[in-house]
Number of protein chains: 2
Amino acid sequence: MRVVIATCSVDYAGRLTAHLPLATRLLIAKNDGSLLIHSDGGSYKPLNWMSPPCVMTTLEPDETAQEAGVTELWRVTHQKTADTLVVSIHTIHSDIAHDLGDDPGLIKEGVEAELQRLVAGQLEAIDDGLSLVRREYPTAIGPVDVLARSSDGTAVAIEIKRRGEIDGVEQLTRYRELLDRDPHLRPIRAVFAAQEITPQAKTLAADRGIECVVLDYDALRGAETPGDTLF
Amino acid sequence: MRVVIATCSVDYAGRLTAHLPLATRLLIAKNDGSLLIHSDGGSYKPLNWMSPPCVMTTLEPDETAQEAGVTELWRVTHQKTADTLVVSIHTIHSDIAHDLGDDPGLIKEGVEAELQRLVAGQLEAIDDGLSLVRREYPTAIGPVDVLARSSDGTAVAIEIKRRGEIDGVEQLTRYRELLDRDPHLRPIRAVFAAQEITPQAKTLAADRGIECVVLDYDALRGAETPGDTLF
DNA sequence: GATTAAATTTCGAAC
DNA sequence: GTTCGAAGTTTAATC
C-alpha cells in the first residue's frame, strides 16, 4: 500500500463523468491496483476512486500539462469497463509505502439474522398466542422470514427488518399474495416487524391491511434466556 | 488529517458488535473526529469506521492491555448514538499529519436526471407517436418521471431508471394505480425504461402489463441535437 | 457467474 | 430537520 498526500486534480470517466478541482488530498493506492481519493471530511466514501480489478500506471505529463504545473500523472484503468481515472499531481507533500499483508477480516454479529432468530424465539414480541411454523418459510419468489399460526389457527407471515421501509412492505405484500394461493394457509395475516418503521412504510402497510410492530432489540436480547438458544 | 500505519486490533459496539483481530492496517483520522480503518484490499469501504460527528481520545492502556502488547488506545465515540470504536495499537509503523483544508468537491454529470431529460426530449426512443405531457408529473405519492400521450390519446406513464430492478416496477405500479383513478387519464399505459433491466423486473413488469424498454444512453446522447436543449 | 437483498450503508434533494 | 430515493453504491448470500 502506498499513501500519498498531494495537491492534485482528478478526472474520472466511466459510469459518469466527474472532475475534482485542484486541492490537497489523500491518495491511497492499494496492492490490487485500486485507488482511493479522500478529503479531510465526509464519511467513509472517497471523493473519487477506482475499484479493483484495475491497473495504475504513472506517466510523464506532456508539455502543456507541465506548464500548468503538473509534475506527475497517475492513470488508473479498469480493463473490462474502460473506466478511467486520471490524477494530475502538482505537489507531493508526503509519500509512504508499507506492506500490510492480508487482513484476517471483520468478525461481526448482531445483524438482521440475529433479529430474526430472536423474534422467532419470542413470538410474543409480535402478538400473544402465536406459535412458530418455521423460519425462512419458502415461497416461489423467496422465503418469508417467519411463518406462524395465531391461536385461532390463522397463518401469520412475518417480515423482519432492522429498518422498515417501503420496499419491505412491498416484499411482504408479494409473499402474502403467493401464500394466499395455498388453501392450507389462506387467509394470511401479515405482520411487518422492524426496529424502526418509516411513516411512509406504516401508511402503505395500513393501506394493505398489514400490521406493523416496532421491535426493541435490547429487550429481545435481554429476554432471551440461555435455554432458548437450544431450540 | 492524520494518517497512521499501525499493527492493531479493533472493537466496535453500536448498530452491531464487531471485532478486528491483530493485523497491520491504515488508520485515517479526519479533522471532524471520524476514523477510517483500511486494509490493503477490498473496495473503498473501510474494514471498520466511525462516522462524524464523533470525538477521538487517546488513552493509556491499562496494565493488562500493556502486558498484551498494547502501547496506545484510541477511543472514538459518537455522543448521540453511544456507538464506540476502540483501536488497540501495538506498533506504529508510520505517522503523518497534514492540513488538507476544505475540498472544493466533486463535479459530476451523466446520472439519472440526464437520462430522464434525454428520454423526455426523444420519446421516439420509447415508442413512435408519443408526445410529452410533462416531466415529473405529480401524483399523491410522488412524481412520475414522464407522462406522455400516444397518438391515439392514451396516457403513458414512463418510469426511467439507470438500472431497472423490481423496486422500480413496484414504484411504477403504484403510480399507474393512482393515475388510473383520474378519469381524464384512464386507462394508463405504463412503460418501464432503463439502461439495463433485470430478468425478475422484466417478469414482474410483464405480469403487471407494463412494457419494458432498454435505453441506449450513448445513442440518446448522440441523437440529441443542440436545438433540443432549448425545449 | 448471475441475481437478490442487506448495509454500522452514504449522499443528496424535496418537503 | 425529516424523509425518501439514488448510488460509479459495496458486499454477502443464494441460485
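Chain letters run A, B, ... following the sequence lines, proteins first and then strands; every chain starts at 1.
Heavy atoms only, all atoms of each residue included: A:Leu73 and A:Pro61 are closest at CD1-CA, 3.9 Å.
The side chain of A:Pro199 lies closest to D:dT3, out of C:dT10, D:dT3, D:dT10. The A:Tyr44 side chain lies nearest to C:dT10 when the options are C:dA6, D:dT10, C:dT10. Distance from the side chain of A:Gln171 is smallest for C:dA5 among the nucleotides C:dA5, D:dT11, C:dT10.
Following rounding to the nearest Å, A:Lys45 (NZ) and D:dT11 (C1') show an atom-to-atom distance of 14 Å. Atoms CD1 (A:Ile166) and C1' (D:dT3) sit 11 Å apart, rounded to a whole Å. What separates CH2 of B:Trp49 from C1' of D:dT11 is a distance of 11 Å, to the nearest Å. Atom-to-atom, CD1 of A:Ile107 to P of D:dA12 comes out at 14 Å; the value is rounded to the nearest Å. Counting to the nearest Å, the P atom of D:dA6 and the CD atom of B:Glu136 are 10 Å from each other. Put simply, CG on A:Asp83 is 15 Å from P on D:dA7, counting in whole angstrom units. D:dG5 atom P lies 13 Å from atom CD of B:Glu170, rounded to whole Å. Residue A:Asp145 contributes atom CG, which lies 12 Å from atom P of D:dT14 at whole-angstrom precision.
Judged by distance alone, the side chains of A:Ser51 and A:Ser34 never bring a donor and an acceptor atom under 3.5 Å apart. With hydrogens and angles left out, the side-chain atoms of A:Arg25 and A:Ser39 include no donor and acceptor closer than 3.5 Å. Residues A:Asp145 and A:Tyr137 have side chains that never bring a donor and an acceptor to within less than 3.5 angstrom of each other.
DNA chain C is contacted by both A:Leu106 and A:Arg174; A:Arg174 maps to the nucleotide lying nearer its 5′ end (nearest heavy atom per residue). Mapped onto DNA chain C by nearest heavy atom, A:Lys161 and A:Ser43 fall at different nucleotides, with A:Lys161 at the one closer to the 5' end.
Counting any heavy atom pair closer than 4.0 Å across all strands shown, B:Met50 reaches no nucleic acid atom.
Rounded to the nearest 0.5 angstrom, A:Gln116 CD and A:Glu136 CD are separated by 4.5 Å.
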